[in-house]
There are 2 protein chains.
Amino acid sequence: MTDGVVERSRPRDRILETARDMFHKHGIKGVGVDAITEAAGTNKMTLYRHFESKDELIVECLRANAAKAGAMWEAFEVEFPGDKLAQLHAWVRKAAAMLNADGRGCDMANAAAELTEPDHPARLVIKELKEAQRHRLVTLCRDAGIGQAELLADTLSLLFEGARVSVQTEGTEGPSTQFVRMAEGLIVSFRGTAAG
Amino acid sequence: MTDGVVERSRPRDRILETARDMFHKHGIKGVGVDAITEAAGTNKMTLYRHFESKDELIVECLRANAAKAGAMWEAFEVEFPGDKLAQLHAWVRKAAAMLNADGRGCDMANAAAELTEPDHPARLVIKELKEAQRHRLVTLCRDAGIGQAELLADTLSLLFEGARVSVQTEGTEGPSTQFVRMAEGLIVSFRGTAAG
DNA sequence: CTAGGGTGTTACCGGTCTGTAACTATACAG
DNA sequence: CTGTATAGTTACAGACCGGTAACACCCTAG
């Protein structure tokens, strides 16, 4: 390791990050590997030396997205150590911020909409990663002392997912404008019925 | 009109219905016009005599979907004439049934995920039709005597939208299993705070 | 019978897609 | 310098895409 530096922006990393961005903006089937490699400042052969197919690149992009989402959760714990309820409210704020970030929905959901083959490799990791996210939110609600933690977590989860879709179809002026109000109201309501 | 019969299954209708089905199952970019016409028992030339482009066919399919959804609303009024609250509960049951129908989400939402060009003709009609659906649900809630009709309608709307996405990513065993419980609970809760 | 509109058939155009082959250039290790 | 691994370049294969041209067919209206 010549000088210990990670040598950031090696071709593989540039391809991965560029692909994530372009898949997010234009959809998976809306972007070709040529466009990705050109935007990443490299070429198609290099892509196929690091990823055995476009499908594998897609999977790696989804995993990278999940890793970034995981970092978000860790940031909540750092910001409000031990205060699970504060972390839950932080999640709501973060979710609301994502709604206004851009008009594109969740990359996993969009990928699931595009990749319809039931045995597509991406479908497995989408399910796996979505279930992990669900488990995280359920755990957070439970640790926050909420009685029906699963029901609250699933409700918040569906609300957020629906809000992202709504932004994509109706824009930011649609039902998603009420997301924070809905979510906060639900948390209050579930706290009221908490067993402690 | 030779004998009054509508002569069902004329090529245009077969193409439209086949395209709706295939777009729903395989996504829009996942189906080519050749596959559509072959499945419809006709050919590409006939398609282009009735639709000036694939994009226009997409738009017509979305409009046809909306028309079918509109018929559903009329069925509610027929089944429970004047009883708006019963119609709202019927909507919840119908929505739940759609969740278990197949693993594919809302065609409008899926189309919005695929067609990312901001000026794509389909985006306009998606927004238009989604806003019409929203208005319908808000009106139904208001006519059912619910105080915060818009908030309830938007919450139910986001829940349903999220549930459809969830089915597409996690399957029917995910958070969507609780949809009816969530929706009925919300209606009860909003009825409790109704002004009358 | 005749004329015409809707339909089917075949072939094609130009473009784009994923994926590969063969070769060259570079950078670094010994 | 030499060997090796990584990366860039060009060209290409084979398939599919949306869309069109030209022509043959058939049913029905008059």
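By convention in this document, chain letters (A, B, ...) are assigned in the order of the sequence lines, proteins followed by strands, and residues within each chain are numbered from 1. Atom set for the values below is all heavy atoms of this structure, side chains included, hydrogens, waters and symmetry mates excluded. All of these numbers come straight from a predicted model, not from anything done at the bench.
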Atom [atom1] of [X] and atom [atom2] of [N]: how far apart are they, to the nearest Å?
{"X": "B:N43", "N": "C:dG8", "atom1": "CG", "atom2": "P", "result": "5 Å"}
{"X": "B:L57", "N": "D:dG19", "atom1": "CG", "atom2": "C1'", "result": "14 Å"}
{"X": "A:R12", "N": "D:dA5", "atom1": "CZ", "atom2": "C1'", "result": "17 Å"}
{"X": "A:R10", "N": "C:dA27", "atom1": "CZ", "atom2": "C1'", "result": "13 Å"}
{"X": "B:K44", "N": "C:dC13", "atom1": "NZ", "atom2": "C1'", "result": "10 Å"}
{"X": "B:I15", "N": "C:dG6", "atom1": "CD1", "atom2": "C1'", "result": "12 Å"}
{"X": "A:D55", "N": "C:dC17", "atom1": "CG", "atom2": "P", "result": "16 Å"}

Side-chain donor or acceptor of A:E77 paired with backbone N/O of A:G82 under 3.5 Å: yes

What's in the same ILVMFWY side-chain cluster as [X], cut-off under 4.5 Å, chained through other members?
{"X": "B:L57", "value": "B:I15, B:L16, B:M22, B:F23, B:I28, B:V31, B:V33, B:I36, B:L47, B:Y48, B:F51, B:I58, B:V59, B:L62, B:M108, B:L115, B:V125, B:I126, B:L129"}
{"X": "A:V165", "value": "B:V165"}
{"X": "A:V188", "value": "none"}

Please list, one pair per line, the donor and acceptor atoms closer than 3.5 Å that link side chains of residues 174-184 of chain B to other protein atoms, with sequence neighbours excluded.
unit_1, atom_1, unit_2, atom_2, d
B:T177, OG1, B:G174, O, 3.0
B:Q178, OE1, B:R181, NH1, 3.3
B:R181, NH2, A:Q148, OE1, 2.8
B:E184, OE1, B:H89, ND1, 2.7
B:E184, OE2, B:H89, ND1, 3.3

For [X], check salt bridge (charged side-chain N to carboxylate O under 4.0 Å, His left out) against everything at least two apart and list the hits.
{"X": "B:R93", "value": "none"}
{"X": "B:K44", "value": "B:D34"}
{"X": "B:E79", "value": "none"}
{"X": "B:R134", "value": "B:D154"}

Do B:E131 and B:H135 come close enough that some side-chain heavy atom pair is under 4.5 Å? no

Nearest-nucleotide pick for B:M45, side chain only, options being C:dT7, D:dT9, C:dT9: C:dT9

Strand contacts (DNA chain D) in residues 31-42 of chain B, 4.0 angstrom heavy-atom criterion: B:V31, B:G32, B:V33

Looking at residues 17-29 of chain A, who's got a heavy atom less than 4.0 Å off DNA chain D? none

For residues 113-124 of chain A, which residue pairs pass the side chain to side chain donor-acceptor pair (under 3.5 Å) check, not counting sequence neighbours? A:D55-A:H120

Considering just the side-chain nitrogens and oxygens of A:T46, establish if one lies under 4.0 Å of OP1 or OP2 belonging to D:dA7. no

Residues from residues 47-54 of chain B lying under 4.0 Å of DNA chain C - heavy atoms: B:R49, B:H50

